[in-house]
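Positions are given from 1, in the same order as the sequence printed here.
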Amino acid sequence: MSIYDINCIGKLLNENTYPGRGIVIGKTPNGKKAVFAYFIMGRSENSRNRIFIENGDDVVIHPFDASKVEDPSLIIYSPIRKLGNKLIVTNGDQTDTVYDGLVVGKSFEEALRSRCFEPDAPNFTPRISGILDFADADFTYKMSILKSGDEKGSVCNRYTFEYNPINGLGHFIHTYNCDGNPIPTFTGEPERVAMVDDIDEYTNILWKNLNEKNKISLYVRYIDLETGKTENRMINKNA
């Protein structure tokens with residue numbers, strides 16, 4: 001297999017019952033739009049008790065049934081925030097860490113240096129993050145993962161991947177390699193995946209291939225690089 005092979009994200013998702021939370025960033029084949037997608041999954045009642053809610057350009061996660069919330073600290077956060085010509089998408093409250101860091105002049109990497117993986121032993125769920133930076137009718141993007149260096153959670157390793165977009169190509173990073181107990185942390189570089197010009201087609205590919213039992217919510221945004229106009233699609237299983 002070549003390192004330049006492009007995967008079908010539908011196949012990757014269909015063959016993995018529990019990738020956890022996932023971020024995809026890329027560019028449509030026609031080169032006209034930037035794309036990002038974020039999904040969440042859950043195995044426990046606490047994790048599954050969530051919905052996405054749009055708040056302008058931002059997205060927040062709320063409990064579907066507030067009376068059932070056991071521990072809000074790791075399930076309630078803003079996964080998507082916009083700051084000027086930048087879009088931030090993460091799987092935790094490090095969205096706010098990146099946002100606040102950018103406001104005071106820090107880089108994406110500098111802001112995340114203050115954070116670590118989630119304190120949910122024995123899984124030590126990685127913190128995955130992405131940022132899209134728009135300029136001159138185009139964009140660049142970065143992806144990051146902060147994860148435990150061992151099974152004890154004794155050290156945090158930080159990895160950042162920086163991309164110039166290629167028409168039809170995206171990158172996919174998720175918290176876990178697959179289901180398990182404890183759940184094995186994502187390893188390697190973000191996976192190269194094929195993108196689609198049509199937002200509804202792409203949203204359908206993602207949603208229908210996420211494991212029916214474990215999927216919770218999905219958000220997809222297409223941004224026109226010439227006009228800045230956005231198209232959004234949001235699906236909540238608990239709607």
Side-chain angles (χ1 to χ4, degrees), residues 1-41 79 87-91 108-109 112 117 125-134 138-149 157-180 183-212 214-215 218-225 231 233 235:
M1 178 183 292
S2 167
I3 61 171
Y4 298 109
D5 285 346
I6 301 179
N7 299 293
C8 170
I9 194 167
K11 186 173 186 293
L12 292 177
L13 293 175
N14 187 265
E15 295 175 349
N16 189 347
T17 58
Y18 203 64
R21 286 165 271 176
I23 298 170
V24 186
I25 304 176
K27 197 174 191 180
T28 54
N30 62 20
K32 294 181 178 180
K33 295 179 181 180
V35 179
F36 76 82
Y38 178 62
F39 66 79
I40 58 174
M41 306 179 79
L87 274 169
I88 307 157
V89 53
T90 89
N91 75 322
F108 178 67
E109 295 90 338
L112 286 170
F117 49 83
T125 298
R127 293 190 185 272
I128 56 172
S129 308
I131 188 167
L132 297 82
D133 193 345
F134 295 88
D138 209 346
F139 74 110
T140 57
Y141 60 101
K142 297 178 182 179
M143 303 182 105
S144 164
I145 184 167
L146 314 177
K147 60 183 180 178
S148 177
N157 294 332
R158 299 174 173 85
Y159 305 85
T160 302
F161 306 90
E162 186 170 353
Y163 301 102
N164 289 302
I166 296 173
N167 293 1
L169 176 68
H171 289 89
F172 174 38
I173 192 168
H174 40 102
T175 49
Y176 308 122
N177 274 337
C178 57
D179 206 345
I183 320 173
T185 291
F186 179 88
T187 53
E189 294 184 20
E191 295 164 297
R192 292 163 57 89
V193 291
M195 306 305 290
V196 174
D197 284 327
D198 183 78
I199 187 173
D200 290 314
E201 179 184 355
Y202 194 59
T203 301
N204 184 58
I205 290 171
L206 295 173
W207 187 248
K208 76 175 184 180
N209 284 292
L210 285 167
N211 180 265
E212 182 63 32
N214 295 321
K215 67 185 179 183
L218 168 67
Y219 191 86
V220 181
R221 180 174 295 173
Y222 276 42
I223 305 101
D224 189 294
L225 294 170
E231 288 184 277
R233 299 291 185 269
I235 303 176

Aromatic contact, Y163 with H171 (centres under 6.0 Å): yes
Minimum heavy-atom distance Y222-D197, with the two atoms named: CE2-O, 3.2 Å
Note, T125 side chain near F117 side chain (heavy atom, < 4.5 Å): no
K27 side chain vs V35 backbone, donor-acceptor pair below 3.5 Å: no
Contact check, side chains of F161 and P190, non-hydrogen atoms, under 4.5 Å: yes
Nearest heavy atoms of A34 and L132, plus distance in Å: CB-CD2, 4.3 Å
side-chain contact (heavy atoms from CB on, under 4.5 Å) evaluation trace for Y141 with D133: CA-CA 6 Å; Y141 60 101; D133 193 345; over 6 Å; no
Heavy-atom neighbours of N30 CG exceed 12 at 6.0 Å: yes
salt_bridge(R158, E109) N-O dist < 4.0 Å: no
Smallest separation among heavy atoms of G130 and I23, with atom names: N-CD1, 4.1 Å
Heavy-atom check, side chain of E231 versus side chain of K33, under 4.5 Å: yes
pair I128-T90: side-chain heavy atoms closer than 4.5 Å: no
Atom pair CG (N16) and SG (C178), whose distance is rounded to the nearest 0.5 Å: 6.5 Å
Pairwise distance CG(L218) to OH(Y202) - rounded to 0.5 angstrom: 9.5 Å
N214 side chain to T17 backbone, donor-acceptor under 3.5 Å: yes
N/O donor-acceptor pair under 3.5 Å between N91 side chain and P126 backbone: yes
Residue pair E162, M143: steps toward the side-chain contact (heavy atoms from CB on, under 4.5 Å) verdict: CA-CA 7 Å; E162 186 170 353; M143 303 182 105; over 6 Å; no
Check: T185 side chain, N177 main-chain N or O, donor-acceptor pair, under 3.5 Å: no
Charged N-O contact under 4.0 Å between D200 and R233: yes
Sub-4.5 Å side-chain heavy-atom contact between R127 and T175: no
Spacing of CD1 belonging to I131 relative to CZ belonging to F36, to within rounding of 0.5 Å: 11.5 Å
Pairwise side-chain contact, L87 with R221, heavy-atom cut-off 4.5 Å (strictly under): yes
Residue pair N167, T28: steps toward the side-chain contact (heavy atoms from CB on, under 4.5 Å) verdict: CA-CA 6 Å; N167 293 1; T28 54; over 6 Å; no
Separation of I145 CD1 from S129 OG (nearest 0.5 Å): 9.5 Å
Validation row, ring centre F139 to ring centre F134 under 6.0 Å: yes
Among V24, I235, I199, side-chain contact (heavy atoms from CB on, under 4.5 Å) partner for V220: I199
Pairwise distance CG(L13) to CG(N7) - rounded to 0.5 angstrom: 10.5 Å
Polar side-chain atom of N209 near backbone of L12 as donor-acceptor pair, under 3.5 Å: no
Those residues that, when tested against Y176, pass ring pair (Phe, Tyr, Trp, His ring centres under 6.0 Å) (two or more places apart): Y18
Side-chain donor-acceptor contact under 3.5 Å, N157 with S148: no
Atom pair CG/OH of L206 and Y38 - distance to nearest 0.5 Å: 14.0 Å
Polar side-chain atom of S144 near backbone of T160 as donor-acceptor pair, under 3.5 Å: no
Non-hydrogen side-chain atoms of I166 and N164 separated by less than 4.5 Å: no
Geometric cation-pi criterion, K147 with Y159: 6.0 Å, 45°: yes
L210 versus M41, closest heavy-atom pair with distance: CD2-SD, 4.0 Å
